[in-house]
Amino acid sequence: MIPFISQLPEPEQATWIAALNQALPNERIVHISDMPAAKKLHCQLAIVANPDIRQLTEFENLLWLHSVWAGVENLMISLADSAIEVVRLIDPILSQTMAEAVLAWSLYLHRDMPLYAKQQQSQHWQQHPHLLASDRRIGILGLGELGQASAEQLKKNGFKVMGWSRTAKTMANIATYSGADGLTEMLKQSDILVCLLPLTSATQGLINKTLLMQLPKSSRIINFARGGIINTPELLHMLELGHISHAVLDVFDHEPLSVNSELWQHPNITVLPHISAPTNLNSACEIVAKNITRFRITGEIPQSVDKINGY
Ligand code: NAP
């Protein structure tokens, strides 16, 4: 028996459990409340979707968790001192979904859609100069599973693409940077900055006034990673100064975004309800099934998240 542990609404949990059982016909995946206490004691692994850490306390012999989400920031904080390994979802379909979102919203900013939408509201007819994609420089913070797929997609669509990561990387026709100096170098050339970093102690509040000041005047930003990476008051200040002309935000410190948040009404912010890359049920179940089947045969826990780096 493998428990599915999450805080998702019950119908969604039922959908996941049914799909996982279909993908793993030799296992029995159950809702946490359907698992007898004695079984919980012997359980080595659980499938999770952002669970409340208190839901794990009865599972004294857990070795690892398989997350059906790619982002496991909350789990890494809660389990920092625990021996339980966390395996996150690495799914090429999810990476493509994110790459599509990065392309869509980069085009939105590149083709000045926020500006033309405002002009329409005031029945104002004005054409602005058009910049070729090959002259638009897009910098990506984070060159992991999602960052690399997004960089490739932007490149295919003719943009000038750069990327920054913790360790040095090489990518064909994409300028890559690492370290503090590399960040400065990339920022000063980024007309659009896309954030695809994980939220860790090193990236918390990284996008602040000091970082934003290094971008060219009137640049635009997209945050598809985690709300905590942006210092929101400082972003608002930079928008007010016009140093940043528009921000597309899909993720926030507290979700759902409070109805009282000033971000909703801000003329230069596009608010999205965390939709840039939703997990695909079918491909995720297939990947989870492969990993669990391999574990049953070999006893090998799939590559887990590094507890020291937090991602
Ligand atoms: P990943 O494969 O772990 O890649 C993370 C990238 O960030 C790596 O390139 C890593 O550098 C870089 N990085 C980490 N810490 C850094 C630091 N301190 N300085 C510079 N670079 C740093 O993660 P992923 O799968 O691409 O996912 C990224 C994030 O996207 C997730 O953590 C999650 O928060 C978010 N996400 C959002 C959605 C959504 O719908 N909005 C959906 C899925 C995921 P190295 O390559 O050197 O290790």
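Whatever order the structure lists them in is the order used to number ligands and atoms, beginning at 1.
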ask   = According to the interplanar angle, ranging from 0 to 90°, do the rings of Tyr108 and Trp105 count as parallel (below 30°), tilted (30 to 60°) or perpendicular (above 60°)?
value = perpendicular

Salt-bridge present (Lys39, Asp34; N to O < 4.0 Å) = no

ask   = Got the closest protein heavy atom to atom 37 (C) of ligand 1, with its distance?
value = Phe224 O, 3.1 Å

message = Taking 4.0 angstrom as the limit and counting only heavy atoms of His274, give me the atoms of ligand 1 inside it, by number and element.
response = 39 (C), 40 (O), 41 (N)

query = With a 4.5 Å heavy-atom cut-off, do Leu109 and Thr270 have their side chains touching?
reply = no

ask   = Between atom CD of Gln13 and atom OG of Ser33, what is the distance when rounded to the nearest 0.5 Å?
value = 8.0 Å

key: Closest contact, heavy atoms only, Ala284 versus Asp91   = N-OD2, 3.8 Å

query = Of His130, His128, His124, which is the lone residue that meets ring pair (Phe, Tyr, Trp, His ring centres under 6.0 Å) with Tyr116?
reply = His128

ask   = Which residue holds the protein heavy atom closest to atom 13 (N) of ligand 1, what is that atom called, and what is the gap in Å?
value = Leu197 CD2, 3.6 Å

ask   = Same cluster for Met186 and Ile230 if Ile/Leu/Val/Met/Phe/Trp/Tyr side chains link at under 4.5 Å?
value = yes

query = Which ligand 1 atoms does Ala225 reach within 4.0 Å, using its non-hydrogen atoms?
reply = 34 (O), 35 (C), 37 (C)

request  = Mind telling me whether Trp16 and Phe4 have parallel, tilted or perpendicular rings, with 30° and 60° as the class edges?
outcome  = parallel

inquiry  = If the contact criterion is a heavy-atom separation under 4.0 Å, does Asp250 count as touching ligand 1?
reply    = yes

ask   = What atoms of ligand 1 come closer than 4.0 angstrom to any heavy atom of Lys169?
value = 45 (P), 46 (O), 47 (O)

message = When you compare ligand 1 with Thr203, is there at least one nitrogen or oxygen pair between them that comes in under 3.5 angstrom?
response = no

key: Check: Phe252 ring centre within less than 6.0 Å of His274 ring centre   = no

remark   = Of all protein heavy atoms, the one nearest atom 15 (N) of ligand 1 is Tyr311 CE2, 3.6 Å

inquiry  = Using a 4.0 Å cutoff against the non-hydrogen atoms of Ala202, which atoms of ligand 1 qualify?
reply    = 18 (N)

ask   = Can you check whether Arg88 has an N/O within less than 3.5 Å of an N/O in ligand 1?
value = yes

query = If you measure every N/O of Leu143 against every N/O of ligand 1, is any gap under 3.5 Å?
reply = yes

inquiry  = Taking the six-membered ring for Trp, are His66 and Phe295 closer than 6.0 Å centroid to centroid?
reply    = no

query = Thinking salt bridges, do Lys40 and Glu60 make one under a 4.0 Å N-O criterion?
reply = no

message = Students should be able to answer this: which protein heavy-atom is nearest to atom 32 (O) of ligand 1, and at what distance?
response = Glu73 OE2, 2.9 Å

Atom CD of Glu255 with >12 non-hydrogen neighbours under 6.0 angstrom = yes

request  = First locate atom CG of Leu263, then atom CG of Leu236, and finally report the distance between them rounded to the nearest 0.5 Å.
outcome  = 5.5 Å

query = Does ligand 1 have an atom that lies less than 4.0 angstrom from a heavy atom of Trp69?
reply = no

message = For atom 40 (O) of ligand 1, what is the closest protein heavy atom, and at what distance to 0.1 Å?
response = Ala277 N, 3.1 Å

Proximal atoms of ligand 1 relative to Arg226 (non-hydrogen, under 4.0 Å) = 33 (C), 34 (O), 35 (C), 36 (N), 37 (C)

ask   = Is any N or O atom of Leu146, backbone or side chain, closer than 3.5 Å to an N or O atom of ligand 1?
value = yes

inquiry  = Just to be sure I'm reading this right: ignoring hydrogens, which of Gln204, Met76, Arg166 gets closest to atom 16 (C) of ligand 1? Compare them by their nearest heavy atoms.
reply    = Arg166

remark   = Ser276 heavy atoms within 4.0 Å reach ligand 1 at atoms 39 (C), 40 (O), 41 (N)

ask   = To which protein heavy atom is atom 19 (N) of ligand 1 closest, and what is the distance rounded to 0.1 Å?
value = Trp164 CH2, 3.3 Å

Atoms in ligand 1 with a heavy atom of Leu196 nearer than 4.0 Å = 28 (C)

ask   = Are any of the N/O atoms in Gly144 less than 3.5 Å from those in ligand 1?
value = yes

Closest to atom 7 (O) of ligand 1 among Gly179, Gly227, Ser165, Pro198 (heavy-atom distance) = Pro198

note = Val251 heavy atoms within 4.0 Å reach ligand 1 at atoms 41 (N)

key: Between CG on residue Leu45 and CD1 on residue Ile2, distance to nearest 0.5 Å   = 4.5 Å

